[in-house]
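Order of appearance sets the numbers: ligands from 1, and atoms from 1 within every ligand. Counting begins at 1 with the first residue of the sequence.
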Amino acid sequence: MQIKVYCDHHLQSKAAADQIAELLLWNSSALLCFATGDTPKLTYELLVERLMNEKIDISKCFFIGLDEWVAVSKDDTGSCHWFLHHYLFEPLNIPASQIHLFDANAEDLQAECRKMNDLIRYKNGIDLMLVGVGMNGHIGFNEPGTKEDGLAHVIDLDATTLSVSKKYFNGEMQASKGITLGLGQFLSAREVIMMASGSKKAPIMKMALEGETGTQVPASLVRNHRNASVVLDKEAAEGLQLISQNLFQ
Ligand code: PGA
């Protein structure tokens, strides 16, 4: 695991976008898994800009979503579905044939999980996964205590996630469950970028990077990943002892 700390959110986002673009330059048929949320928005804008400017070929890439709010409509601007289409797929003109997202309105959610697991297996694993970190340390909707080797599953959202979720939805948020890739899929992705920004994430990043490693803080498992970059802005890195080791980029 490598920790990179940037002076501001723009530089942090640029670094993450460049890391993704560089993978795409040598692997034009990558399987990519992208998180939603406030943290990676600017990364996606900068990634779109670079891919377009340099005409990087992504016509053979395949995109999967990390998670979704169960029973929330795909058209709701708070849904992960809407977010990925708005920030990535539409600006990049990615056809539906290169995308698979959880259908969180499906009657059989277990079948949705199997479909996602089978697809990842069929495509020989995830090449790159970009994740944010929740205020409770979750990755995707892998809430504290979720098992380490899990695959896609449906989960009860915890109180922190439910309370934070209000920021994504204009009105009331109806979901009490999420559907998500599992920590096993996070740990076996060939490359991981974990991002956190802002001082509100500093306490959980300190726990994740300097506390005990374990499923009580799912983000701490990044330390067990063989090819992970933790990309922070300086506010999210506040209080890390590691900071004194000259990590600023
Ligand atoms: P955020 O969400 O990027 O909106 O802070 C992160 C997460 O909950 O995974």
Novice: Under the 3.5 angstrom rule, does the side chain of Asn117 hit a backbone N or O of Ala152 as a donor-acceptor pair?
Specialist: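 At least one qualifying donor-acceptor pair exists.
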Novice: Report yes if some heavy atom in the side chain of Phe186 is under 4.5 Å from a heavy atom in the side chain of Asn142; otherwise report no.
Specialist: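 Not in contact.
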Novice: Answer yes or no: does an N/O atom from His138 fall short of 3.5 Å to an N/O atom of ligand 1?
Specialist: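 Yes, His138 has an N/O under 3.5 Å of an N/O on ligand 1.
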Novice: At less than 4.0 angstrom from any non-hydrogen atom of Tyr168, what atoms of ligand 1 do you find?
Specialist: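 Within the 4.0 Å cut-off of Tyr168, ligand 1 contributes 1 (P), 2 (O), 4 (O).
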Novice: Side chain of Lys177, backbone of Val70: donor and acceptor closer than 3.5 Å?
Specialist: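 No.
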Novice: Using a strict 4.0 Å cut-off to heavy atoms of Gly134, name the atoms of ligand 1 that fall inside it.
Specialist: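 Near Gly134, the atoms of ligand 1 are 7 (C), 8 (O), 9 (O).
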Novice: Parallel, tilted or perpendicular for Phe34 and Phe63, by the 30°/60° rule?
Specialist: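 Plane angle between 30° and 60°, so tilted.
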Novice: Below a 4.0 angstrom heavy-atom separation, can you tell me which part of Lys167, side chain or backbone, both or neither, approaches ligand 1?
Specialist: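 Under 4.0 Å from ligand 1, Lys167 contributes side-chain atoms alone.
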Novice: How does Val133 reach ligand 1, by side chain, by backbone, by both or by neither, if only non-hydrogen atoms under 4.0 Å count?
Specialist: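 Only the backbone of Val133 comes within reach of ligand 1.
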Novice: For Gly37, counting its heavy atoms only, list the atoms of ligand 1 lying under 4.0 Å from any of them.
Specialist: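 Counting atoms of ligand 1 from 1, those under 4.0 Å from Gly37 are 3 (O), 4 (O).
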Novice: Other than Leu46, what residues sit in its cluster of Ile, Leu, Val, Met, Phe, Trp and Tyr side chains whose heavy atoms are under 4.5 Å apart, directly or through others?
Specialist: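 Members other than Leu46 - counting any ILVMFWY side chain reachable under 4.5 Å - are Leu42.
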Novice: Does ligand 1 have an atom that lies less than 4.0 angstrom from a heavy atom of Lys201?
Specialist: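 Yes, Lys201 has heavy atoms under 4.0 Å from ligand 1.
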Novice: Do the side chains of Asp18 and Lys14 get close enough for a salt bridge, i.e. N-O under 4.0 angstrom?
Specialist: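 A salt bridge is present here (some side-chain N lies under 4.0 Å from a carboxylate O).
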Novice: Among all the protein's non-hydrogen atoms, which is closest to atom 3 (O) of ligand 1, and how far away is it?
Specialist: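 Ranking protein heavy atoms by distance from atom 3 (O) of ligand 1, first comes Thr39 OG1, 2.4 Å.
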